[in-house]
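This report refers to the structure that appears directly beneath it.
Computed over heavy atoms, backbone and side chain alike; hydrogens, waters and symmetry mates excluded. All ligand and atom numbering here is 1-based and tracks the order in the structure.
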Amino acid sequence: MSPSVPSHPSKTFRRALLALAPLALLLAAAAPPAASPDPANRADVVLRSAEAAPAPAVPKWAIAIHGGAGTMPKDIPESEKQAYLGSLSKALTLGRDVLARGGTSLDAVEAVVRFLEDDPLFNAGKGAVYTHEGTHELDAAIMDGRTLACGSVAALKTVKNPIALARLVMEKSPHVFLVGDGAEAFATAMKVERVDPHYFDTPKRWQQLQEALKKEKEQKDRDTVGAVALDQHGNLAAATSTGGLTNKRFGRLGDVPVIGAGTYANNRTCAVSATGIGEEFIKHTVSHDISALMEYSGLTLQQAADRVIHQKLKPGDGGVIGVAHDGSIALVFNSEGMYRGAADANGRFEVAIW
Ligand code: ASP
């Protein structure tokens, strides 16, 4: 007898096919659709029409910087004038490059202020003015207009770049304002660069202290530094750094580290950095007042800054730099001059003193 064979091989085959059917359905669902004959549904056509779309507008960014406001005789030696303008140009270039390549406004303002802190021409970091006791006490603040996060440090004695520590207060601590020994301890914890206090010494500032001691009063020796910026992501930031006033005593603090006085940023309105007689800028909460005039009264940045600097402050008190959320820039002062610079995505690039 021949070995038994299935009596109905075709039936077995059909059963196998039926068992595989769910798998076939699954595979069909996962497979890419066949190219559609309708050109509107085809991926390659969609790509081509996207390429043909109008080019996006030039990305918007803007930056303004300052190196202090005050009495600046126009007859200063040409070499001194060029030294200030040259340093401002370099600082502005640093900030411009960060923004032009799509970096953040926070990185731009920190880079500018760090650079100016390292330059002995300015009253911030190296080259800071002397206290009554012949020491240096440094203040700085930074603010993020996107979140209103901020960081301030004051009365620092050994931190090479106070603005870097201010940023760490903002980003790595639950606080917004650290002062004196506590701020120094935070600097140790954050491992920021420290220097011997004499690092900040310069003969020019020592001379200024001797003159102030003779007159027996505090003296405003301008040259505080600051930067404000709008980045391509629409975020504003402000940063300011100073040695304060020559011959200051009793732990005196100025407006620079006081958020809303010397430093403020809010994406809804503007970013502002101030320079001048700190006590006046604190009394009038200058930088927040400019923002509030924009937010509540609908003024432009220029109108708001003009109102506060020329109508609320006294002539000679100082000035502000500001950038608004729309990229407009204001450079306003009621003193003889203000070291300043401005640049934006439309090719503006300028530095000036008077
Ligand atoms: N505003 C600073 C202060 O009072 C000084 C300055 O701007 O030069 O500490």
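- Of the candidates Val258, Ile282, Asp255, it is Asp255 that places a heavy atom closest to atom 3 (C) of ligand 1.
- With 3.5 Å as the limit, one finds no donor-acceptor pair spanning the side chains of Thr224 and Thr275.
- By the 3.5 Å distance cut-off applied to N or O atoms, Gly278 is counted among the residues near ligand 1.
- Ligand 1 places these atoms under 4.0 Å from at least one heavy atom of Thr275: 6 (C), 7 (O), 8 (O).
- Residue contacts with ligand 1: Arg252 is included, with a non-hydrogen atom under 4.0 Å away.
- His136 and Tyr130 have tilted rings, their planes meeting at an angle from 30° to 60° on a 0 to 90° scale.
- With hydrogens and angles left out, the side-chain atoms of Thr158 and Glu184 include a donor and acceptor closer than 3.5 Å.
- Checked by atom type, the side-chain pair Thr188/Arg194 shows a donor-acceptor distance below 3.5 Å.
- At least one N/O-N/O distance between Gly276 and ligand 1 falls below 3.5 Å.
- Rounding to the nearest 0.5 Å places SG of Cys270 at 11.5 Å from CG of Leu230.
- Side chains of Asn235 and Asp144: no donor on one and acceptor on the other come within 3.5 Å.
- An N or O contact shorter than 3.5 Å is missing between Thr242 and ligand 1 by distance.
- Of all atoms in ligand 1, numbered sequentially from 1 with element shown, those under 4.0 Å from a heavy atom of Thr224 are 2 (C), 5 (C), 6 (C), 7 (O), 8 (O).
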